[in-house]
Number of protein chains: 2
Amino acid sequence: MAEEPPLARAARLADVAELAGVSPATASRVLNGGHRGVREANRQRVLDAAKQLGYTANLAAQTVARGRGRGVTLLASGMPDDYANPVTAGVVAAAQRRGLPFTLISAGTEPADLVEAVNMARGNRPELLMLAGGRMADDATIPDLVDALQRYEDEGGRVVLITQKGLPFDTVAYANRQGGRDMAATLVELGYRDFAVISGLKHGLTQRERTEGFIDGLAAAGITLPADRVLIGQFDRDAAYALTGELLRRPIEVDAIFAVNDAMALGVLTFLRDRGETAPRIAVAGFDDIKALRDVTPALTTVHLPWESAADEALRMGLGPRSPEPQVSVIEGHVVVRESTPPLR
Amino acid sequence: MAEEPPLARAARLADVAELAGVSPATASRVLNGGHRGVREANRQRVLDAAKQLGYTANLAAQTVARGRGRGVTLLASGMPDDYANPVTAGVVAAAQRRGLPFTLISAGTEPADLVEAVNMARGNRPELLMLAGGRMADDATIPDLVDALQRYEDEGGRVVLITQKGLPFDTVAYANRQGGRDMAATLVELGYRDFAVISGLKHGLTQRERTEGFIDGLAAAGITLPADRVLIGQFDRDAAYALTGELLRRPIEVDAIFAVNDAMALGVLTFLRDRGETAPRIAVAGFDDIKALRDVTPALTTVHLPWESAADEALRMGLGPRSPEPQVSVIEGHVVVRESTPPLR
DNA sequence: GTGAAAGCGCTAACAA
DNA sequence: TTGTTAGCGCTTTCAC
């Protein structure tokens, strides 16, 4: 039985310095500071001492001393859902590639939660604060949000928005309207004529743009989509499932359904399957091209979005020099046709 | 044009105190410290001042002053994959429920990465450090890992392992062996006789236990599984896809395949579908019951694991008083029979 | 190249 | 109830 060390304390920089026989300043220089001038001999002793003591820099102390923490904090609204949030995955990967400490803060779903989460994130003083997630067009908390973020930038932090177009910060946005339009053109070309759209909450910007783009695209092909063909619910699979049922109960012809995201498309697909394949098979298209759906049958026609490069772009923006005007980088997707929308006839 | 404030600084506690006309100590008491005795009048003034200044506590400074940070840090090895890591999701949710700041650190896939990540996490001095992810039985870095974690506990931090059974720390483990055994019993009962197992890396503890449990279960039913019926590859979908092809190329009878996790089962399912449904349909079973697969066809028979409550249990352990001996909490799953394993005949 | 010393923003004894 | 005073561990001028 070894003596139980009753209450060890973490080794501090001072301990390392002492053991190495140098000053804290020197130890700091070799352990953290840019590899400036420290004589090789001392350098080695410090390194040895650090290893021997199992020294780990106290990041909090560094943050205090330096005035700003290292790393990226991603604020994602809502919980990580089952269809792995591709944005989060992309950012984690991108941050990892650059060796940046990554912190995920997930805010609740209420708009006010976001503001609160931003303030909490501010507390950590990360060098880059990224916000991801949809936003409501009529959100009353936007001024507060902008205010909090603005404050953060004024304090020297950086802010990058992903998906949150229209706010005065560097932004990576997806070409939602364009994608919707392209999808419409594609489906028309495949021979479909009677459409319905399964969309999310009325005021959500993302779904709204995708829906509008789709309608535009149909219009360009000479097709008018009656307003009652756009069904609205939550932005998720279950809502889509329910909405599809509602849609098919109506006495109308539908040969293709466009869901504004893949999760919802999955709901549609599942509903269609559950009710049994009746003769007139209905085509389904989504938006996002999330990987978790690649094994679904039938394979889903959707708008592919390059998540990884989008995340990379966001980091590039946020880590680069700050530009006087907010930059907006629009990421374009492209339609991928798969089995869920077979050519008609 | 408003004057550009050239270089604002974040409001500090001292600023708030000054504006409120009280001492920093008092301000600290109302803003952070337990709601102790502060005269209501002062209390209000501090609150007002804070709001007016847009004050956010500098968490790093608090951590330094208090000697320990608040919140939970989850160290997940590997990247968040497409089949949303259920452990991560569970912990995020559980932490959120308790209002605990949550940080996710994702380590690389090499064992050595884990150790490094632990040291990095130590730097943040979180009150609770959780490790999730599989572990190799023959991992040479285990002593280093244990050492780093031990150190952390000695310094006053808490460590909880999820899934990493067998290390001297509080642990939440899954009843892998049991689940495998139950699955075997279930399949036999359904009438299956000729089995194959698609498993992951030979030295992975999780997959090994599940495989052994399955074999035990078969044995208990009087069935011996030839060693060559256990195919081994990576712990993921793609490997399973390839292994299934390899398996079916052999001149043997197989009427059911047990994959050691759902992601792999998905690979099996997809391969089976891709090659076209030939007459003798092969049953498939998985393990985990991840939600992302709930819409797969045929619905997957699998071992359900209660992720949410497991995460809750982990937090409960880690946040509660430290017990002299490491606690191990075993979470049991149960077999859920779905369409992928129809009763034979 | 190296060290002394002054902070960074906050908390917590201890007095008052 | 409130303020004073030391720190917490680290970085960073600024001399030497």
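Chain letters run A, B, ... following the sequence lines, proteins first, then strands; residues in each count from 1.
Straight-line distance from the CZ atom of A:Arg68 to the C1' atom of D:dC10: 17 Å, rounded to whole Å. Taking atom CG on A:Asp15 and atom C1' on D:dG9, their separation rounds to 10 Å, with Å as the unit. Residue A:Leu31 contributes atom CG, which lies 16 Å from atom P of D:dG9 at whole-angstrom precision. In this entry the distance linking CD of A:Glu40 with P of C:dT2 reads 11 Å, nearest Å.
With 3.5 Å as the limit, one finds no donor-acceptor pair spanning the side chains of B:Arg125 and B:Thr63.
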One character per nucleotide, please: for nucleotides 6-16 of chain C, 5' to 3', B when the base has a protein heavy atom closer than 4.0 Å, S when only the sugar-phosphate does, - otherwise.
-BBBBBB----

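OP1 or OP2 of D:dT2 has at least one side-chain nitrogen or oxygen of B:Asn42 nearer than 4.0 Å. Phosphate contact (OP1/OP2 of D:dG3, side-chain N/O of B:Thr26, threshold under 4.0 Å): present.
Other residues, nucleotides and ligands contribute over 12 non-hydrogen atoms within 6.0 Å of the CD atom of B:Glu40.
Rounded to the nearest 0.5 Å, atoms OG (A:Ser23) and CZ (A:Arg29) are 6.0 Å apart.
Between B:Asp48 and B:Lys51, no side-chain nitrogen of the basic residue sits less than 4.0 Å from a carboxylate oxygen of the acidic one, so the salt-bridge criterion is not met. Ionic pairing of B:Asp312 and B:Arg98 is present here: one or more N-O contacts between side-chain nitrogen and carboxylate oxygen are shorter than 4.0 angstrom. Ion pair B:Glu308/B:Arg97 flagged as a salt bridge, since at least one NZ, NE, NH1 or NH2 atom sits closer than 4.0 Å to an Asp/Glu carboxylate oxygen.
Checking D:dT2, C:dG3, D:dG3 against the side-chain heavy atoms of A:Val22 singles out C:dG3 as nearest.
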